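Here is the structure we will look at, set down as structure tokens.
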2 protein chains.
Amino acid sequence: MTESTRPMRRQDIRRENEKAILLAAEKVFAEAGFGGATMQLIADLAGLPKANLHYYFATKEELYRSVVQNIFEIWLQAANCFDAARGPIDGISAYIDAKMEISRRHPDGSKVWASEVMHGAPVLQDYMESTLREWTDGRVEIIRRWIDEGKMDPVDPRHLLYMLWATTQHYADFGHQIETLNGGKSLSDRQWREAKENIKRVILTGIGAQPA
Amino acid sequence: MTESTRPMRRQDIRRENEKAILLAAEKVFAEAGFGGATMQLIADLAGLPKANLHYYFATKEELYRSVVQNIFEIWLQAANCFDAARGPIDGISAYIDAKMEISRRHPDGSKVWASEVMHGAPVLQDYMESTLREWTDGRVEIIRRWIDEGKMDPVDPRHLLYMLWATTQHYADFGHQIETLNGGKSLSDRQWREAKENIKRVILTGIGAQPA
DNA sequence: CTGAAAGCTGACCATACGGTCAGGATGCAA
DNA sequence: TTGCATCCTGACCGTATGGTCAGCTTTCAG
């Protein structure tokens, strides 16, 4: 009868608690915004006393910063899809798939990210001016090359990227609206698939994407 | 030397103050979210003592509700573009133009609306289940007709609408990100025009829109 | 086994915020 | 001019919240 939750090692304790806190924080920040979120609520959701939160994260800002940085990592990882691709059909399809998967699996994270940007990116400004800018410039180059190689119509790469971000992110950020218009039910597997297919089809057709 | 601001009639006073408060509130709610906004900040921005705000709007919630409802009106008005149109090219072009103009002229309003929906539409749930649903169903019908008449490819009307909402709203909600990637400068007239043209072109091409 | 480091927490504090109110100022109809 | 309704506001209040801390328990290296 060795209680499986009992013998916790220091490392495990730290990892698990931080994880629980970050998860709870992500949800609360997503639902209430930074200003509306309370440490008490996050603590309750994480199943820990409030003072324990401050043991791991000194301030609300620090906790928020951690949450936002986590999201940003995930967000950037979806980028890799773009790189391996030979042409717009592969690359953009994969990117849309990846970002839609994020919208579906991490809606809270997406909302926190959206909220952060909407409020002027007080925490992530540095990242936006360095990492994000570099990433974007890189993809702009790739798209430009595709255009030069006749693999797609000459569409402004930046506006195309914005379009990809917007359409995919919308399913997370405005998920509540979509649910309401869907009879109050969240999208089914089939509907998610249809959403992805529609987006891909419209955009790939719209930019005149040619097989590599 | 009749000071032009002096002789205020009751009606004018009320109208002007409410207007100033709503404008200030829109900005503060957009920048800080509902939870992060404070009545004091709104009062300062409106140039009135805090207690005066409570004279016109009993509670923070009531003020917020007014702001959100205003936005919703504007949002719905852009809908009319759709109705008069003979086909997808006219209708969708006009709608994109209208919504982009809203994103440009009322970015704060757009953000408040986005925030409201992201947080589960606590204030606007009723509207979403009635007005918005009706509006959406109506447009879905129109798009379906266009498809039946061979004026465009058989694209899922709902996902098309989401795409229109997402792409246009993105320029307001994520305006800060776009500015940052634009070298820290807000988009020029020319860039706004390009944005609109790109969106229109990609989407209209993407759905195979045929001249009416 | 032992001591120190890490983990934990109830009780507490200062502040900021939404909201109230008594009473003064102002526009206006009669 | 007068009386009243509207408009205005400084001072105040209760509460909720972020954050602190003293002292407890638990882990674990030596």
Side-chain angles (χ1 to χ4, degrees), chain A residues 2-22 24-68 112 119 122-123, chain B residues 2-29 31-68 112 119 122-123:
Chain A
T2 54
E3 299 176 57
S4 63
T5 55
R6 216 73 296 263
M8 276 260 200
R9 279 177 306 176
R10 284 243 179 92
Q11 228 184 358
D12 297 338
I13 291 176
R14 185 156 211 111
R15 189 154 20 88
E16 288 211 11
N17 279 344
E18 282 181 352
K19 195 173 140 195
I21 293 170
L22 285 170
E26 183 175 283
K27 186 168 185 186
V28 173
F29 282 134
E31 285 176 357
F34 177 81
T38 71
M39 294 299 268
Q40 188 63 64
L41 225 80
I42 296 171
D44 292 347
L45 197 62
L48 296 169
K50 193 185 68 162
N52 208 352
L53 257 65
H54 282 98
Y55 175 71
Y56 287 102
F57 299 91
T59 66
K60 189 182 175 186
E61 276 82 5
E62 190 183 316
L63 175 54
Y64 175 74
R65 178 180 288 267
S66 295
V67 170
V68 172
V112 175
H119 297 138
V123 162
Chain B
T2 53
E3 298 176 58
S4 62
T5 55
R6 217 74 294 263
M8 278 258 199
R9 280 177 306 178
R10 285 249 175 86
Q11 227 184 0
D12 299 335
I13 291 176
R14 186 159 209 108
R15 189 154 23 87
E16 289 211 10
N17 279 344
E18 282 181 351
K19 195 173 138 194
I21 293 171
L22 285 170
L23 202 70
E26 184 176 284
K27 186 168 185 186
V28 174
F29 282 134
E31 285 176 356
F34 178 81
T38 70
M39 294 298 268
Q40 188 61 63
L41 225 80
I42 296 170
D44 291 347
L45 196 62
L48 295 169
K50 191 184 68 162
N52 207 353
L53 256 65
H54 283 98
Y55 174 72
Y56 288 103
F57 299 91
T59 67
K60 191 183 176 186
E61 275 82 6
E62 189 183 316
L63 176 54
Y64 175 74
R65 179 179 287 268
S66 295
V67 170
V68 172
V112 175
H119 297 355
V123 163

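The sequence lines fix the lettering, A, B, ..., with proteins before strands; numbering per chain opens at 1. Fair warning: this is a prediction, and the values are worked out from it, not measured in the lab.
Under the 4.5 Å side-chain criterion, counting only non-hydrogen atoms from C-beta, A:Leu63 is in contact with A:Met39. Put simply, the side chain of B:Leu22 reaches to within 4.5 Å of the side chain of B:Phe57, judged on heavy atoms. Residues B:Val112 and B:Phe34 fail the side-chain proximity criterion, which asks for heavy atoms closer than 4.5 Å. Side-chain contact between B:Ile21 and B:Glu18 is absent, with no heavy-atom pair separated by less than 4.5 Å.
Closest heavy-atom contact between B:Lys27 and B:Leu45: CD-CD2, 3.9 Å. Taking every heavy atom of both residues into account, A:Ala20 and A:Ala46 meet most closely at O-CB, 3.9 Å.
Sorted by first and then second residue, the pairs that involve residues 57-67 of chain A and meet side chain to side chain donor-acceptor pair (under 3.5 Å), not counting sequence neighbours, are A:Tyr64-A:Glu116.
Atom-to-atom, CG of B:Asp44 to C1' of C:dA16 comes out at 14 Å; the value is rounded to the nearest Å. Separating the CZ atom of B:Phe57 from the P atom of C:dC17 is a distance of 21 Å, rounded to the nearest angstrom.
Annotation: the span from B:Arg9 atom CZ to B:Glu16 atom CD amounts to 11.0 Å, rounded to 0.5 Å.
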Listing time: all N or O pairs from protein to nucleotides 18-21 of chain D that are below 3.5 Å?
from   : atom 1 : to      : atom 2 : distance (Å)
D:dG18 : OP1    : A:Ala37 : O      : 3.1
D:dG18 : OP1    : A:Lys60 : NZ     : 3.2
D:dG18 : OP2    : A:Met39 : N      : 2.9
D:dG18 : N7     : A:Lys50 : NZ     : 3.0
D:dG19 : OP2    : A:Lys60 : N      : 2.6
D:dG19 : N7     : A:Lys50 : NZ     : 3.1
D:dG19 : O6     : A:Lys50 : NZ     : 2.8

If the sugar-phosphate is the primed atoms plus P, OP1 and OP2 and the base is the rest, what is the B/S/- string for nucleotides 2-7 of chain D, using protein heavy atoms under 4.0 Å?
---BSB
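Overall bending of the helix from C:dC1-D:dG30 to C:dA30-D:dT1, expressed as the angle between end axes built from five pairs apiece, is 10° (10° steps).
Partners of A:Glu31 according to the salt bridge (charged side-chain N to carboxylate O under 4.0 Å, His left out) rule, which considers only residues two or more places apart in sequence or in another chain, do not exist here. For A:Asn17, the side chain to side chain donor-acceptor pair (under 3.5 Å) partners two or more places apart in sequence, or in a different chain, are A:Tyr56.
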